[in-house]
S.K.: 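Structure below; questions to follow.
Below, chain A is the first sequence line, B the second, and so on; all start at residue 1. All values reported here derive from a predicted model rather than from experimental measurement.
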Amino acid sequence: MHWIEKVVEELENYIATTKNKTKQDTIIINGGLSVSGLQHIGRLRGEIIISETVRKLLERKGYRVKQYLVLYTQDAWKGKESQVMSFGDEREGRKYAGWPLIRVPDPKKCHANWVEHYWEDFGGYLDKFTDGKIEVVTTTELYKTKLKDIVKEAINKKEKLRITINKYRGRNPYPEEWIPFEPICDKCGRIDKAKAIKYYPDTEEVEYICENCGHRGKTSIANGKLNWRIEWASIWKVLNIDFEPFGKDHATPGGSRDSCVDLSINVFETKPPMGLAYEWVSLRVNGKEFDMGSSDFLGITPKDWYQVAHPEVLRYLYLKEHPRRKVVIDMTLIPNYYEEFYRAESLYYDAMKTHGNLESLPENEYEIAKTYELSMLEPIPSEKPIQPSYLTIALAVQLVPTDNLAENVVKRLKSSRIIPQELRPFDKKRITDIAWRAKNWVEKYASPQIRFTLLQQLSEELKAKLMYRDLLLRLGEELLKLGENWSEESIKDVMIKVTQGLKDDEKKAFYKEFYIIIIGKEFGPRAAPLIEILGQDFVKKRFIEDLS
RNA sequence: GGGCCCGUAGCUCAGCCAGGUAGAGCAGCGGGCUUUUAACCCGUUGGCCCCGGGUUCAAAUCCCGGCGGGCCCGCCA
């Protein structure tokens with residue numbers, strides 16, 4: 001059984017017994033994110049992809065399910081060094097410390113505010129990484145609507161609430177006169193400094209004193225927030241959440257998740273959702289590994305990933321690994337991730353072909369094939385698509401003309417017989433989808449070893465160093481004699497003929513120079529296809545004119 | 001102080017949940033491929049499975065206790 005199927009089984013049990021819901025009720029799944037900065041792909045793991053997959057599995061079992069994603073837009077902007085620096089101007093940045101995220105301006109000035117700016121490369125790609133059926137809500141909206149009653153409930157039950165929450169605030173307990181609401185100061189804009197001192201039930205307002213600017217004022221209970229623990233438990237209640245994964249930072253026994261469960265049961269008198277703790281995703285760059293951090297602006301966004309690889313491949317990496325284990329992403333290994341994905345795909349098709357299902361597979365193979373199935377976003381073709389090597393395409397895109405890139409890549413791979421002459425629509429689509437991504441990948445992440453560019457001209461200095469200049473020149477002449485008979489095969493024959501008299505190590509040295517005069521490096525893509533693509537004009541210029 | 005993950009071949013890891021003769025990829029070595037890519041094919045070397053104890057006919061796998069590495073929480077969210 002796949003780990004996520006076990007989660008779903010446990011959840012079904014939880015829904016039926018603890019939450020007392022039946023298949024007639026809608027099951028609610030939730031995730032939560034604070035848009036404190038760069039929204040990296042690590043955040044897709046638990047809050048988006050695991051949740052979405054749990055939802056789909058429930059749907060397959062006949063449940064009606066709704067999935068939310070709550071954005072904590074009312075949270076205070078911490079004004080961490082890295083956040084301040086994103087404004088470029090330190091004095092400008094510092095002004096917004098303590099403001100609700102939603103009110104902090106966009107440092108790059110291209111969006112309405114901070115949240116919208118940093119949300120774009122993540123939120124804008126949600127439907128590319130999932131089936132798109134996720135409703136995004138912000139706490140800012142919720143305080144104006146569904147959370148309003150619970151703010152009142154919290155104020156009414158403040159004594160019970162205070163006693164419960166103070167269990168977790170040992171040295172910093174709330175005092176007796178505490179009012180559980182954190183208003184935004186009308187004067188200085190901070191949400192983390194104004195202390196509520198009196199509640200007016202008739203107008204649903206609180207009076208407060210700001211500990212930052214000293215301002216004393218009155219404001220609506222829609223204009224602020226609850227303490228984070230109370231807020232989380234409140235959201236569970238008003239959205240009636242049944243399942244919500246949480247990052248490992250909340251997972252400590254007696255920690256945030258536990259304290260919110262306590263509040264939920266003992267103060268709000270409601271059953272908390274079933275949880276699922278998950279590890280964070282880290283990134284490996286130049287062999288060094290680090291956690292991606294939102295407010296540290298470290299990491300790659302869903303947009304970044306989408307530019308170089310299929311979302312399905314990332315889904316595969318996340319769904320394969322047990323949530324308590326760390327996933328390490330290394331962007332230079334994208335071609336390897338594709339290979340792994342292809343292996344899972346082959347397993348899937350083999351099983352379907354021989355058994356008609358995955359269940360007959362041995363457990364370990366079942367999990368891999370199942371992970372593949374769960375990773376897929378579009379209907380899986382009945383026949384196995386071709387599995388073009390990402391690396392091969394990455395080399396091909398550097399050779400062919402960039403207009404109609406995919407067409408040229410297909411042509412290239414066909415003439416090298418790397419792919420079949422006849423392509424089915426989904427084969428063509430796969431190559432096309434990889435071609436432009438591989439192009440981006442080569443530019444952004446590929447190691448220098450596989451990156452190359454044609455030399456625009458041959459320098460005199462380089463020319464003077466050549467030991468096989470005459471032979472290279474002869475190779476050029478022989479190649480040009482091919483005329484109409486210009487093909488990978490005939491080119492290869494010419495090269496064999498020209499180098500026939502050489503010993504092995506001489507051949508090696510010759511080919512080094514061959515690459516040097518073309519791309520300035522001692523090695524490069526397969527020689528014959530390279531020449532074929534470059535064409536006779538290039539050969540004439542580089543091998544004849546430049547070398548003469 | 002509390003909790004989580006990891007420790008298996010030179011490297012990266014699978015196998016552990018449901019105990020039954022130690023696996024893969026890469027690297028190495030040998031061979032092949034009329035020419036190279038982080039290429040392909042065939043073969044092959046290599047391991048007190050971190051240590052100690054327990055359960056068992058049988059332990060990499062289950063239990064207990066250590067050691068080593070990484071991470072989280074300790075009242076911000």
S.K.: Under 6.0 Å between ring centres: does that hold for A:Y372 and A:Y316?
M.R.: no

S.K.: Can you tell me the distance, in whole Å, between the NZ atom of A:K193 and the C1' atom of B:C76?
M.R.: 11 Å

S.K.: Find which nucleotide of RNA chain B each of A:R343 and A:K78 is nearest to by heavy atoms, and output the residue with the more 5' nucleotide.
M.R.: A:R343

S.K.: So for A:K6 and B:C17, does any side-chain atom that can act as donor or acceptor lie under 3.5 Å from a complementary atom in the base?
M.R.: yes

S.K.: Can you see if the side chain of A:N172 gets near the phosphate of B:G74 - specifically, an N or O under 4.0 Å from OP1 or OP2?
M.R.: no

S.K.: Which whole-number value in Å describes the distance from A:E321 CD to B:C4 P?
M.R.: 18 Å

S.K.: I'd like to know if A:R343 and A:E340 make a salt bridge, using a cut-off of under 4.0 Å between side-chain N and carboxylate O.
M.R.: no

S.K.: Compare the minimum distances between each of B:C17, B:G2, B:U35 and the side chain of A:Y511, then state the nucleotide with the smallest one.
M.R.: B:U35

S.K.: Taking the six-membered ring for Trp, are A:F341 and A:H310 ring centroids under 6.0 Å apart?
M.R.: no

S.K.: When the distance from CG of A:D291 to P of B:C72 is rounded to whole Å, what number comes out?
M.R.: 6 Å

S.K.: A:R325 side chain N/O closer than 4.0 Å to the phosphate oxygens (OP1, OP2) of B:C16?
M.R.: no

S.K.: Taking the side chain of A:D249 as its heavy atoms from C-beta onward, which of B:C17, B:G70, B:C72 lies nearest to it?
M.R.: B:C72

S.K.: Could you tell me whether A:E159 and A:R162 make a salt bridge, using a distance below 4.0 angstrom between a side-chain N and a carboxylate O?
M.R.: yes

